[in-house]
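The figures that follow rest on heavy atoms only: side chains count, while hydrogens, waters and symmetry mates do not.
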Amino acid sequence: MAQQHGVAQRMAACKETKRTAFIPFLVAGDPNLESTVEAIKALDAIGADVIELGVPYSDPLADGPTIQAAATRALQQGVILDKVIDVVRQVSPHISAPIVMFTYFNPIMARGLETFCEQIKSAGASGLLVPDIPLEETTEIREVASSHGLDLVMLATPTTPTPRMKLIAEKSMGFVYLVSLTGVTGMRGTTESRVEGLIEQLRETTDKSIAVGFGVSGPDQAKQIKDWGADGVIVGSALVKALGEASSPQEGLDALKTLAKSIRDAI
């Protein structure tokens, strides 16, 4: 059985050893649940430090076309929340990277906050990220998540005013997720240079780890973000595309491994 750590502990350990955290994101159930299990194990073996697992959702506000398409494919196969929790339960004893569940608030509300947190924690999740909950409404969810030993990771964006960014950094657990661009997730050829300034701005307000995501498509951008001083690099759409849009699940896994390894090696 692999040793698991909480998200905050893992990020702190990376910082201590001057290792830039590699944080991949997958949509559960695309191309199928078995591939999701294999992909998580592969990412852990390649050296992922934290793994974000997305619950497929029909109205994903923050997600661009690649992740929306993956979520639609998963939903069409009947991938519901219980099946995603089963994936976590199945895979968590075999990996060392903590899993952060990425879900919109509706599935949590439908289940009940207490029950949801209890279920994902007992399955082996270490953290939670809910992109459609504004800062002002996170008090209860943070308290309940925390009482179950879950880190609630929060998002800051390029348009977040400085005082608000400071509050988000204060309230975020595990790490601060810095969105590198305005808009939805997706691959970009270049990363906006103002990310460097945003990282510096956050550094002045917090000593928590800062991970940058949205628009990271490959090793060059990942290295650029590392060089700008980020503690972690989050990669979603590019990995989701590699895994879910290949001609077969095996080819998808191979493509995912190749891309993930190139990013891990770059940072």
Side-chain angles (χ1 to χ4, degrees), residues 4-25 47-53 62 96-103 117 120-121 125-181 185 191-192 194-216 222-236 267:
Q4 267 203 309
H5 301 276
V7 182
Q9 290 94 314
R10 174 55 66 93
M11 294 302 287
C14 286
K15 226 176 187 181
E16 215 170 280
T17 55
K18 295 186 165 45
R19 171 186 172 96
T20 304
F22 170 40
I23 307 174
F25 167 92
D49 296 287
V50 174
I51 295 171
E52 287 184 15
L53 185 63
S96 64
I99 294 175
V100 173
M101 296 273 285
F102 183 111
T103 179
C117 288
I120 70 165
K121 181 62 183 180
S126 300
L128 180 59
L129 202 160
V130 188
D132 57 344
I133 290 284
L135 172 68
E136 292 75 12
E137 292 173 31
T138 55
T139 306
E140 187 189 4
I141 192 168
R142 186 181 310 103
E143 284 170 2
V144 175
S146 202
S147 75
H148 288 284
L150 295 163
D151 286 329
L152 182 70
V153 178
M154 295 187 62
L155 297 157
T157 75
T159 56
T160 304
T162 306
R164 188 177 179 82
M165 199 177 266
K166 189 173 183 177
L167 277 173
I168 289 169
E170 214 173 273
K171 302 292 185 190
S172 191
M173 300 157 73
F175 59 91
V176 182
Y177 188 140
L178 177 60
V179 175
S180 65
L181 40 87
T185 60
T191 309
E192 296 191 26
R194 62 180 168 162
V195 172
E196 186 173 14
L198 290 168
I199 293 168
E200 284 167 12
Q201 199 178 318
L202 260 174
R203 277 270 176 265
E204 288 165 16
T205 65
T206 186
D207 57 2
K208 289 176 186 166
S209 295
I210 299 161
V212 176
F214 279 49
V216 182
K223 186 175 186 313
Q224 181 69 81
I225 288 167
K226 174 196 174 171
D227 293 346
W228 282 334
D231 301 302
V233 178
I234 300 161
V235 187
I267 59 175

Find out whether [X] and [Y] are in side-chain contact, i.e. whether some heavy atom of one side chain is under 4.5 Å from a heavy atom of the other.
X: Val100; Y: Val50; result: yes
X: Val233; Y: Thr20; result: yes
X: Pro131; Y: Leu155; result: yes
X: Ile199; Y: Glu196; result: no
X: Val144; Y: Cys117; result: yes
X: Ile225; Y: Val216; result: yes

Side chain of Arg194, backbone of Ser180: donor and acceptor closer than 3.5 Å?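 No, the answer is negative, given that no donor and acceptor are paired below the 3.5 Å cut-off.
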Does Glu136 have any salt bridge (Lys or Arg N to Asp or Glu O under 4.0 Å) partners at least two apart in sequence or in another chain, and if so, which?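 Partners of Glu136 under the salt bridge (Lys or Arg N to Asp or Glu O under 4.0 Å) test: Arg164.
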Hydrogens and angles aside, do Thr206 and Glu170 bring a side-chain donor and acceptor to less than 3.5 Å of each other?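 No - no donor-acceptor pair under 3.5 Å links their side chains.
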With a 3.5 Å cut-off and no angle check, do the side chains of Thr138 and Arg142 form a donor-acceptor pair?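 Distance-only check passes for Thr138 and Arg142.
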Please find the pair of heavy atoms, one from Ala156 and one from Val176, that lie closest to each other, and give the distance.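 The pair with the smallest heavy-atom distance is CB-CG1, 4.5 Å.
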Would you compute the distance between atom SG of Cys14 and atom CG of Asp231 and round it to the nearest 0.5 angstrom?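 The CG atom of Asp231 is 9.0 Å from SG of Cys14, to the nearest 0.5 Å.
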Measuring from atom CG of Leu202 to atom OG of Ser209, what distance do you get when rounded to the nearest 0.5 angstrom?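 Output value for this atom pair is 11.5 Å.
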From [options], residue fulfilling side-chain contact (heavy atoms from CB on, under 4.5 Å) relative to [X]:
X: Leu178; options: Ile210, Thr157, Thr160; result: Ile210
X: Phe175; options: Met154, Arg10, Met11, Lys15; result: Met11
X: Phe102; options: Leu129, Val153, Val130; result: Leu129

